[in-house]
Amino acid sequence: MKRRKIFLSLLGLCSASLLAGCNNDTVDENSSKETKDSQNIEVNVVKNDNLAIEQNKCVGCGKCARIAPANFEMNAETRKAQVKSNEIANQVLVNKAVASCHPEAISQ
């Protein structure tokens, strides 16, 4: 029982320290093309005008929008994915979104 109390108090301290490190910095759209990721590391944003979704292939599963929400979003009317932004801050997430698209509707 004593170990459980120690564990719970340590868990609470860890959670509190993680929450204390959170900030709600916003980046103005007209600001420089450098942004910060969740760990406050500067990231260069790369513009990729070739990022596209073929609407006739998209099945509307929403995986791409969940994996890379900065670049893809779901269209409420068509219920299919669309490109939200061609500025890629996290190429790894975009690559995962492309790989997760089983109908291969996303091109980059």
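Each residue takes its place number in the sequence, starting with 1.
Annotation: the span from Ser85 atom OG to Leu51 atom CG amounts to 8.5 Å, rounded to 0.5 Å. Between the SG atom in Cys64 and the NZ atom in Lys84 there is a gap of 11.5 Å [rounded to 0.5 Å].
Side-chain N or O atoms of Lys80 include one that pairs as donor or acceptor with a backbone N or O of Gln55 at under 3.5 Å.
By the side-chain contact (heavy atoms from CB on, under 4.5 Å) test, Asn50 is found to be paired with Asn48, residues two or more places apart in sequence or in another chain being considered. For Gln82, the side-chain hydrogen bond (donor to acceptor under 3.5 Å, both in side chains) criterion is met by Glu73, Asn75, not counting sequence neighbours.
In this structure, Asn71 and Val83 have side chains that are not in contact, with every pair of non-hydrogen atoms separated by 4.5 Å or more.
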Pairs under 3.5 angstrom only: tabulate donor-acceptor contacts from the side chains of residues 92-106 to other protein residues two or more places apart or in another chain.
residue, atom, partner, partner atom, Å
Asn95, OD1, Gln91, NE2, 2.9
Asn95, OD1, Gln108, NE2, 3.0
Asn95, ND2, Gln91, O, 3.4
Ser100, OG, Lys96, O, 3.4
Ser100, OG, Ala97, O, 2.9
His102, NE2, Lys63, NZ, 3.4

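Sorted by first and then second residue, the salt bridge (charged side-chain N to carboxylate O under 4.0 Å, His left out) pairs with a member in residues 50-62 read Glu54-Lys57; sequence neighbours excluded.
Through direct or indirect side-chain contacts shorter than 4.5 Å among Ile, Leu, Val, Met, Phe, Trp and Tyr, Val59 is connected to no other residue.
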